[in-house]
> 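Shown below is the structure under consideration.
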Amino acid sequence: MYKILKAELIADKIYLMDVEAPRIAKYCEPGQFIIAKIDEVGERIPLTICDFDREKGIVTIVFQTVGASTERMAELKEGDFFRDFTGPLGQASEFVKDDLEEVKKRKYLFVAGGVGTAPVYPQVKWMHEHGIDVDVIVGAKTKDLIILEKEMEAVAGNLYVTTDDGSYGRSGMVTAVIEDLVQNQSKKYDVCVAIGPVIMMKFVCLLTKKLELPTIVSMNPIMVDGTGMCGACRITVGDEVKFACVDGPEFDGHLVHFDEAMKRQQMYKTQEGQALLRLREGDTHKGNCK
Ligand code: NAD
Ligand code: FES
């Protein structure tokens, strides 16, 4: 059992929880995720790690209520418990494994969209802790949906906040800020890391391809087991089939088939769609997608 030490509503339908999980806090790295289960019968919910405190043994998660399971999760309060809290899962971000001196030579641009700001935060924090200044763009639909602004400000070299409706910061989507920084302000970047809704990552990648700026994205397809066994999180990267839970969640954004990923996400919503996926994908979709 994993105790919830803090549970807060940080924006409309977006919750932050601190969970007592010393083993995960000890070993997790930016880019990785956990799978939470409320009780014996509950669904397994994959969530990116927003922060961790190795000394206190705390892992911070941020989630948006999107269905029955996350609604139930939002009802949990400080002092309640998760039945399971499994992780760290997936691969750490590439820069964690790279030679630090090489990472220091690169100029990074982080692009966070909506709830995707949560998984971007530990990456920017890691950069800050290693003495690397990075530029960060945070985009949200409106002022009320911006999360973790103060936390991000404390670790980013430069922070650019934008809202689709112009109610706070700049006006427009994250792609408009990338264009402004690169084309009007002549900023030069070696790597872009973009995390947010799939549609955002798709359009960021279309732009960064034109700008010849290598881009990493974090894919969060539907996951079931989180161990590469069920095939639910299958995506196509270049001409290879990958499983986001074990091969990712981060991939070369210029190779990800975003349209297929979005279509699959839709198909998973119906039993008929799941049956069709099983039929089409055969061996790489092992049929446990209920
Ligand atoms: P949102 O729809 O409010 O979008 C956030 C920002 O992304 C927008 O403000 C805009 O700047 C940018 N954006 C959106 N569409 C764009 C487009 N077509 N072109 C350019 N920029 C665009 O985001 P939200 O409601 O917070 O997103 C929720 C989604 O994010 C869910 O589907 C959730 O699964 C996903 N999510 C993904 C991750 C991940 O790891 N990739 C993590 C958390 C949440
Ligand atoms: Fe990735 Fe099952 S969730 S294979």
Side-chain angles (χ1 to χ4, degrees), residues 10-14 30-33 35 44-50 61-67 70 86 89-90 93 111-123 137-148 160-179 193-208 216-235 241-251 253 256 258 261-262 264-266 268 277 281 283-290:
I10 56 169
D12 185 32
K13 296 184 180 164
I14 306 175
Q32 293 188 292
F33 65 98
I35 288 189
R44 292 159 63 81
I45 308 166
L47 297 162
T48 35
I49 294 167
C50 171
I61 51 168
V62 167
F63 63 93
Q64 188 175 32
T65 51
V66 288
T70 41
T86 311
L89 298 167
S93 302
V111 182
V115 193
T117 307
V120 169
Y121 174 68
Q123 304 202 12
I137 300 170
V138 170
K141 283 194 193 84
T142 66
K143 181 175 191 261
D144 300 342
L145 291 171
I146 292 166
I147 57 167
L148 305 168
Y160 306 92
V161 178
T162 187
T163 47
D164 297 4
D165 66 355
S167 53
Y168 188 68
R170 294 172 173 233
S171 177
M173 293 190 178
V174 291
T175 38
V177 186
I178 302 175
E179 274 184 316
V193 178
I195 309 181
V198 182
I199 189 77
M200 177 203 98
M201 296 190 285
K202 172 184 164 170
F203 279 94
V204 166
C205 286
L206 286 173
L207 174 62
T208 57
I216 306 290
V217 296
S218 179
M219 298 301 286
N220 69 330
I222 285 166
M223 291 189 189
V224 181
D225 64 330
T227 60
M229 298 298 287
C230 71
C233 68
R234 175 190 146 128
I235 59 166
V241 167
K242 298 278 184 191
F243 297 107
C245 69
V246 285
D247 301 319
E250 295 186 358
F251 295 100
V256 169
F258 290 107
M262 284 187 276
R264 264 187 121 260
Q265 197 93 352
Q266 284 305 318
Y268 246 103
L277 285 172
E281 295 176 357
D283 276 355
T284 60
H285 188 108
K286 301 167 186 77
N288 301 323
C289 57
K290 287 185 274 297

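Residue indices begin at 1 and follow the sequence shown. As the structure is a computational prediction, the values presented were derived from the model and not from experiment. Every number for a ligand or one of its atoms is a count from 1 in the order of the listing.
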> Please list, in number order, the atoms of ligand 1 under 4.0 Å from a heavy atom of G113.
5 (C), 6 (C), 7 (O)

> So which protein heavy atom does atom 15 (N) of ligand 1 come closest to, and at what separation?
I199 CG2, 3.7 Å

> What part of D164, side chain, backbone, both or neither, has a heavy atom within less than 4.0 angstrom of ligand 1?
side chain

> Side chains of M173 and F203, heavy atoms from C-beta outward: is any pair under 4.5 Å?
no

> Side-chain contact test, heavy atoms from C-beta onward, threshold under 4.5 Å: evaluate it for V138 versus Y160 and give yes or no.
no

> For ligand 1, which atoms, with element, lie under 4.0 Å from some heavy atom of T175?
20 (C)

> Enter the distance from F63:CZ to L47:CG here, rounded to the nearest 0.5 Å.
7.5 Å

> What are the two closest non-hydrogen atoms of F251 and V256, and how far apart are they?
CB-CG2, 3.8 Å

> Do M219 and K242 have side chains that approach each other closer than 4.5 Å (heavy atoms only, starting at C-beta)?
no

> Whether the Q32 and E250 side chains hold a donor-acceptor pair (N or O, under 3.5 Å, no angle test) is what I'd like checked.
no

> Any N or O of G196 that comes nearer than 3.5 Å to an N or O of ligand 1?
yes

> Got the closest protein heavy atom to atom 35 (C) of ligand 1, with its distance?
N220 ND2, 3.9 Å

> Just to confirm my output: which protein heavy-atom neighbour is closest to atom 4 (O) of ligand 1, and how far is it?
P197 CG, 3.5 Å

> Given M219, K202, K141, M173, identify the one with the heavy atom nearest to atom 22 (C) of ligand 1.
M173

> So which protein heavy atom does atom 40 (O) of ligand 1 come closest to, and at what separation?
I195 CG2, 3.4 Å

> Among all residues two or more places apart in sequence or in another chain, which pass the side chain to side chain donor-acceptor pair (under 3.5 Å) test with D144?
none

> Could you tell me which non-hydrogen atom of G226 sits nearest to which non-hydrogen atom of C245, and how far apart they are?
C-SG, 3.6 Å

> Pull out every atom of ligand 1 sitting under 4.0 Å from any heavy atom of A140, numbered as shown with elements.
9 (O)

> With heavy atoms under 4.0 Å as the rule, classify the contact between M201 and ligand 1 as side chain, backbone, both or neither.
side chain

> Heavy atoms only: give me the nearest A232-R264 pair and the separation to one decimal.
O-NH1, 2.8 Å

> Considering non-hydrogen atoms of the protein only, which is the closest contact for atom 11 (O) of ligand 1, and what is the distance?
V174 N, 3.0 Å

> Are any non-hydrogen side-chain atoms of T162 and V174 less than 4.5 angstrom apart?
yes

> Starting from atom 5 (C) of ligand 1, find the nearest protein heavy-atom neighbour and note its residue, name and distance.
G114 N, 3.4 Å

> Check salt bridge (Lys or Arg N to Asp or Glu O under 4.0 Å) between R170 and all other residues, then give those that pass, not counting sequence neighbours.
D180

> Checking contacts here: is it the side chain or the backbone of V115 that comes within 4.0 Å of ligand 1, counting heavy atoms only? Could be both or neither.
both

> Pairs of donor and acceptor atoms involving the side chains of residues 115-122, under 3.5 Å and at least two apart or interchain, shall be tabulated with distances.
from, atom 1, to, atom 2, distance (Å)
T117, OG1, G114, O, 2.7

> Just to be sure I understand the site: which N, O or S atoms from the protein are less than 2.8 Å away from atom 1 (Fe) of ligand 2?
C233 SG, C245 SG

> Between Q64 and ligand 1, which part of the residue brings a heavy atom under 4.0 Å of the ligand: side chain, backbone, both or neither?
side chain

> Are the side chains of I195 and V111 in touch, meaning some heavy atoms are under 4.5 Å apart?
no

> Is a side-chain donor or acceptor of T65 paired with a backbone partner of T70 at a separation under 3.5 angstrom?
no

> Should the proximity of S218 to ligand 1, defined as any heavy atom under 4.0 Å, be assigned to the side chain, the backbone, both, or neither?
both

> Does atom 18 (N) of ligand 1 have a protein non-hydrogen atom under 4.0 Å from it?
yes

> Rounded to the nearest 0.5 Å, what's the gap from OG on S167 to CD1 on I146? Could you check?
6.5 Å

> Please report which non-hydrogen protein atom sits nearest to atom 14 (C) of ligand 1, along with the residue it belongs to and the distance in Å to one decimal place.
M200 CB, 3.9 Å

